[in-house]
Amino acid sequence: MPWLIKTEPDCYSIDDFAREKKTRWTGVRNYQARNFMRDSMKVGDPILFYHSSSEPPGVAGLARVSAAADWDRTALDPKDQHFDAKATKENPIWMAVEVAFVQKFATFVELGTLRTTKGLEKMALLQRGQRLSIQPVTEAEFAAIVKLGEGKGR
DNA sequence: GCCAACGTTGGC
DNA sequence: GCCAACGTTGGC
């Protein structure tokens with residue numbers, strides 16, 4: 001199943017990802033998002049890499065799941081900004097999949113473009129009040145966005 | 001910087 | 001188990 005993952009590019013951008021090639025998607029502190037990683041994301045699943053809180057926000061490229069969810073080490077590190085005092089070795093609470101870089105889009109697909117693209121009306125990302133940082137995407141939505149991203153600039 | 005929407009916390 | 005208060009997300 002295709003997915004969308006959000007990141008603030010000031011923190012971790014598509015260019016950072018392109019350099020690093022693979023990264024553990026740590027720091028997610030929302031149970032619904034964790035459950036998606038733990039229960040539903042499968043190795044090989046395609047991912048839209050989304051820049052949030054940026055100007056403009058939008059889909060910057062593609063990734064794929066490269067390893068199943070494992071406990072999130074940042075939750076147990078008191079020096080990490082995502083440290084969670086309630087997490088223990090016995091019950092680490094938080095988990096993270098590993099994701100691999102696939103490509104940076106030739107055309108950054110802006111949120112505004114998504115909003116006006118036919119067929120994406122029901123996309124979770126575009127619904128009012130939606131702020132989940134990991135969300136499932138339908139095959140049709142994924143294909144439509146890849147087409148926009150791989151096309152030449154408008 | 002604003003603020004709507006949403007998740008979490010904690011008193012009761 | 002309710003719900004008010006609070007913190008966070010994230011577009012604008």
Whole-Å distance, A/Q127 CD to B/dA4 P, equals 20 Å

**OP:** State, without any angle test, whether A/E110 and A/T113 hold a side-chain donor-acceptor pair at a distance under 3.5 Å.
**Re:** no

A/H82 atom NE2 is separated from C/dT9 atom C1', nearest whole Å, by 13 Å

### Message
Is it the case that the ring center of A/W25 lies less than 6.0 angstrom away from the ring center of A/F36?
### Response
no

Testing B/dT8, B/dG7, B/dT9 for proximity to the side chain of A/Y31, the answer is B/dT8

Q: Return yes if a side-chain donor-acceptor contact under 3.5 Å exists between A/T74 and A/R29, otherwise no.
A: yes

For A/R73, look at atom CZ and say whether over 12 heavy atoms of other residues, nucleotides or ligands are found less than 6.0 Å away. no

Interface polar pairs with nucleotides 10-12 of chain C, N/O, under 3.5 angstrom:
residue, atom, partner, partner atom, Å
C/dG10, OP1, A/K6, NZ, 2.9
C/dG10, OP1, A/R131, O, 2.8
C/dG11, OP1, A/Y50, OH, 2.8
C/dG11, OP2, A/S53, N, 2.9

In whole angstroms, the gap separating P of B/dG7 from CH2 of A/W94 amounts to 13 Å

Measuring centre to centre across the rings, with the benzene-like ring taken for any Trp, is A/Y31 within less than 6.0 Å of A/W94?
yes

A/D10 CG to C/dT9 C1', in whole Å, measures 15 Å

Taken to the nearest whole Å, CG/A/D84 to P/B/dG7 is 18 Å

Would you please say whether a donor-acceptor pair under 3.5 Å links the side chains of A/E98 and A/S66?
yes

Rounded to whole Å, the CG-P distance (A/L126 to B/dA5) equals 16 Å

In whole angstroms, the gap separating P of B/dT9 from CG of A/N30 amounts to 12 Å

